[in-house]
Amino acid sequence: MAKPPILTPQAEDFPRWYQDVVAKAELADNGPARGTMIIRPYGYSLWERMQAEVDARIKLAGAENAYFPLFIPQSYLAREADHVEGFSPELAVVTHAGGKELEEPLVVRPTSETVIGEYMGKWVQSYRDLPLLLNQWANVVRWELRPRLFLRTTEFLWQEGHTAHATAEEGAAYTERILRDVYTDFMVEVLAIPVLGGRKTAAERFPGARNTLTVEAMTGDGKALQMGTSHDLGQNFATAFDITYLDDQGASQLCWTTSWGVTTRMVGGLVMVHGDDAGLVVPPRLASIQVVVLVVRDEGGAGDAADHLVAELQGAGVRVRLDGAVATSFGRRATDWELKGVPVRVEVGPRDLAEGNVTLVRRDTGEKVQATVGEVAARIPVLLEEVQASMLAAATASRDARTAQVTSIEDAVEAARTGFAKVPWEVVKGDGEQRLAQESVTVRCLQRPDGSLPHSEDEPDLVAYVARSY
RNA sequence: CGGGGAGUGGCGCAGUGGUAGCGCACCUGCUUUGGGAGCAGGAGGUCGGGGGUUCAAAUCCCCCCUCCCCGACCA
């Protein structure tokens, strides 16, 4: 008799499937206040791995971690006109504290350009203090109209980098460096997500920025998901917060600043890009549990053999978990690990063991192979890298197959029903963006014909990627 | 804020005036275990809140609140 599916099938209702995965893989729960999220241990372990990988790349790019306050005086936000206009509708404001009304309300940071700008202004005196490269890991709050676990929550976790530079060129170059060496490298190499890097149109730009760069992923249902952004803030915040320095001629100069961030949204992106009808699929380089050694039945020495394998794999540097909970049926446990997306499962049971074997199962393809007990520790690291590579290849092929090259707004709208449309920017430029918007389609980013980053949206022959988005 | 829908054990639902039920999950025991185990026995709910009608309200009436989905906003 056919059992009902564990999850709503993707093809039936993708958003529902997503919610099912988040719940059944024990990633997160809704918090008690609207739009808030409780990240459960397994979900948090994925976020911790993301933090570790991103943080290492940020440090390689020369930035140092610091921490700035959650509360920002409301007047700070108002100092940059576009910034305050962009963020005012979604601010949470503290008006009362300590049992009385505050003289000046405090906003719960939606992002920290203002408070960090204020202190950059104090710290930067000389050209010798530049560049000033800061990052912080923090929570921020944005009162969003429509929350979705991980993708858009009222409070979310992120890193926000903030830098100050002596010249416009240096600042712009740094935003590109972060996009390439930190975000793209992490997402492609670790998350196995083939992101498109590009420039946002003026309409999609960060409030207060003169340029916003983005990395965009394609989800399993063909929509776009903005996975990270890197902003060239020009001198807007330097002007508002008086971030100036004396150059080597003794003349006072305004700094050029940047900001850039990635968030817990990446966890949602991971689910939506790689997940299938059996649940999450986590790429090995990210996985907090890369291998689960599962005791089928504790007979014929299976329990002891599993213990030894776990120790051996740990010794080989593999993040491994033992599942010896034989009171629960094999099928249930196999299903649960598949829901959580653990890349490789090692099944240790008396039947195989009698011949000196165990079974290795790949989560991404479901492929099962036999291995001798003695060769497991040597084969697993190789297998993990194979899984990693094939996940990236599969996601890339899937994205490319759903990206259509078109030359009209109408065809772009049609293509965006199932994926991305690549359309000449001159076709969209002007009122095209509005016409697309009427169909809930947006320009995700602009690229040069060779895929590199444009320095202006007025460059000739630019390509616009358009899609529906989350 | 506009348009839809829903509030009943942890989750999913049934129940249109007469003692609050079902499936899954949970607890105990036994038998099981190579793809979501079976049987037996248990625990768990002031039916979103307030008011009203009635001998009697999850059910009818009034008011309020909340949540979900689609859109506008957005990492």
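Everything numeric here is computed off the predicted structure, so don't read it as measured data. Order of the sequence lines sets the chain letters (A, B, ...), proteins ahead of strands, with each chain counted from 1.
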Return the value, rounded to whole Å, for the distance between atom [atom1] of [X] and atom [atom2] of [N].
{"X": "A:R332", "N": "B:rA25", "atom1": "CZ", "atom2": "P", "answer": "6 Å"}
{"X": "A:D336", "N": "B:rU33", "atom1": "CG", "atom2": "C1'", "answer": "15 Å"}
{"X": "A:L7", "N": "B:rG36", "atom1": "CG", "atom2": "C1'", "answer": "11 Å"}
{"X": "A:R351", "N": "B:rG35", "atom1": "CZ", "atom2": "C1'", "answer": "12 Å"}
{"X": "A:N30", "N": "B:rC69", "atom1": "CG", "atom2": "C1'", "answer": "14 Å"}
{"X": "A:L179", "N": "B:rA75", "atom1": "CG", "atom2": "C1'", "answer": "14 Å"}
{"X": "A:R148", "N": "B:rC67", "atom1": "CZ", "atom2": "P", "answer": "17 Å"}
{"X": "A:F14", "N": "B:rC69", "atom1": "CZ", "atom2": "P", "answer": "15 Å"}

Task: Residue closer to the 5' end of RNA chain B, A:F206 versus A:E338 (nearest nucleotide) - done: A:E338

Separation between the [atom1] atoms of [N] and [M], rounded to whole Å:
{"N": "B:rG5", "M": "B:rG10", "atom1": "P", "answer": "27 Å"}
{"N": "B:rG36", "M": "B:rC30", "atom1": "P", "answer": "24 Å"}
{"N": "B:rG44", "M": "B:rU28", "atom1": "P", "answer": "16 Å"}
{"N": "B:rC64", "M": "B:rG38", "atom1": "P", "answer": "48 Å"}
{"N": "B:rU59", "M": "B:rG17", "atom1": "C1'", "answer": "7 Å"}
{"N": "B:rC1", "M": "B:rU16", "atom1": "P", "answer": "34 Å"}
{"N": "B:rG48", "M": "B:rG7", "atom1": "P", "answer": "8 Å"}
{"N": "B:rC13", "M": "B:rC27", "atom1": "P", "answer": "24 Å"}

With respect to the side chain of [X], which nucleotide from [options] is positioned closest?
{"X": "A:P350", "options": "B:rG34, B:rU33, B:rA75", "value": "B:rG34"}
{"X": "A:T153", "options": "B:rA75, B:rU33, B:rC73", "value": "B:rA75"}
{"X": "A:R345", "options": "B:rA75, B:rG35, B:rC74", "value": "B:rG35"}
{"X": "A:R152", "options": "B:rG35, B:rU33, B:rC73", "value": "B:rC73"}
{"X": "A:A334", "options": "B:rG35, B:rA75, B:rG34", "value": "B:rG35"}

Is any N or O donor-acceptor pair between the side chain of [X] and the base of [N] shorter than 3.5 Å?
{"X": "A:R142", "N": "B:rC74", "result": "no"}
{"X": "A:K368", "N": "B:rG34", "result": "no"}
{"X": "A:D352", "N": "B:rG34", "result": "yes"}
{"X": "A:R333", "N": "B:rG34", "result": "no"}

Find the partner of [N]: check Watson-Crick (N1-N3 plus N6-O4 or O6-N4) and G-U wobble (N1-O2, O6-N3) distances, both under 3.5 Å, and reply none if neither fits.
{"N": "B:rU32", "value": "none"}
{"N": "B:rA6", "value": "B:rU66"}
{"N": "B:rC1", "value": "B:rG71"}
{"N": "B:rG45", "value": "none"}
{"N": "B:rU54", "value": "none"}
{"N": "B:rU16", "value": "none"}

Exercise: do [X] and [Y] side chains pair donor with acceptor under 3.5 Å:
{"X": "A:R199", "Y": "A:N211", "answer": "yes"}
{"X": "A:R109", "Y": "A:T111", "answer": "no"}
{"X": "A:T154", "Y": "A:T36", "answer": "no"}
{"X": "A:D232", "Y": "A:T175", "answer": "no"}
{"X": "A:T212", "Y": "A:H231", "answer": "yes"}
{"X": "A:R351", "Y": "A:N357", "answer": "no"}
{"X": "A:T442", "Y": "A:E204", "answer": "no"}

Task: Contact under 4.0 Å: A:S440 side-chain N or O vs B:rA72 OP1/OP2 - done: yes

Open item on the list: Looking at B:rC69, I'd like to know if its phosphate oxygens (OP1 or OP2) sit under 4.0 Å from a side-chain N or O belonging to A:Q19.
Closed with: yes

Open item on the list: Taking the basic N atoms (NZ, or NE/NH1/NH2) and the acidic carboxylate oxygens, is any pair closer than 4.0 Å for A:R363 and A:D276?
Closed with: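 Yes, this pair counts.
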
Open item on the list: Salt bridge check, A:E338 against A:R345: does any charged N sit closer than 4.0 Å to a carboxylate O?
Closed with: yes

- [ ] Could you tell me whether A:F237 and A:H83 have their ring centroids closer than 6.0 angstrom?
- [x]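 Yes, the ring centres sit under 6.0 Å apart.
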
Across the strands shown, which category fits [X] at heavy-atom distances under 4.0 angstrom: base, sugar-phosphate, nothing?
{"X": "A:S88", "value": "nothing"}
{"X": "A:Q226", "value": "sugar-phosphate"}
{"X": "A:L225", "value": "nothing"}
{"X": "A:G349", "value": "base"}
{"X": "A:T328", "value": "base"}

Task: Centroid under 5.5 Å and tilt under 30°, A:F330 to B:rG34 - done: no

- [ ] Decide side-chain hydrogen bond (donor to acceptor under 3.5 Å, both in side chains) for A:S75 and A:R79; before the verdict, give the C-alpha distance in whole Å, the side-chain angles of both, and the deciding distance to 0.1 Å.
- [x] CA-CA 7 Å; A:S75 59; A:R79 284 205 234 166; 5.6 Å; no

Task: Contacting residues from residues 280-300 of chain A, given that a heavy atom lies under 4.0 angstrom of RNA chain B - done: A:V296, A:R297

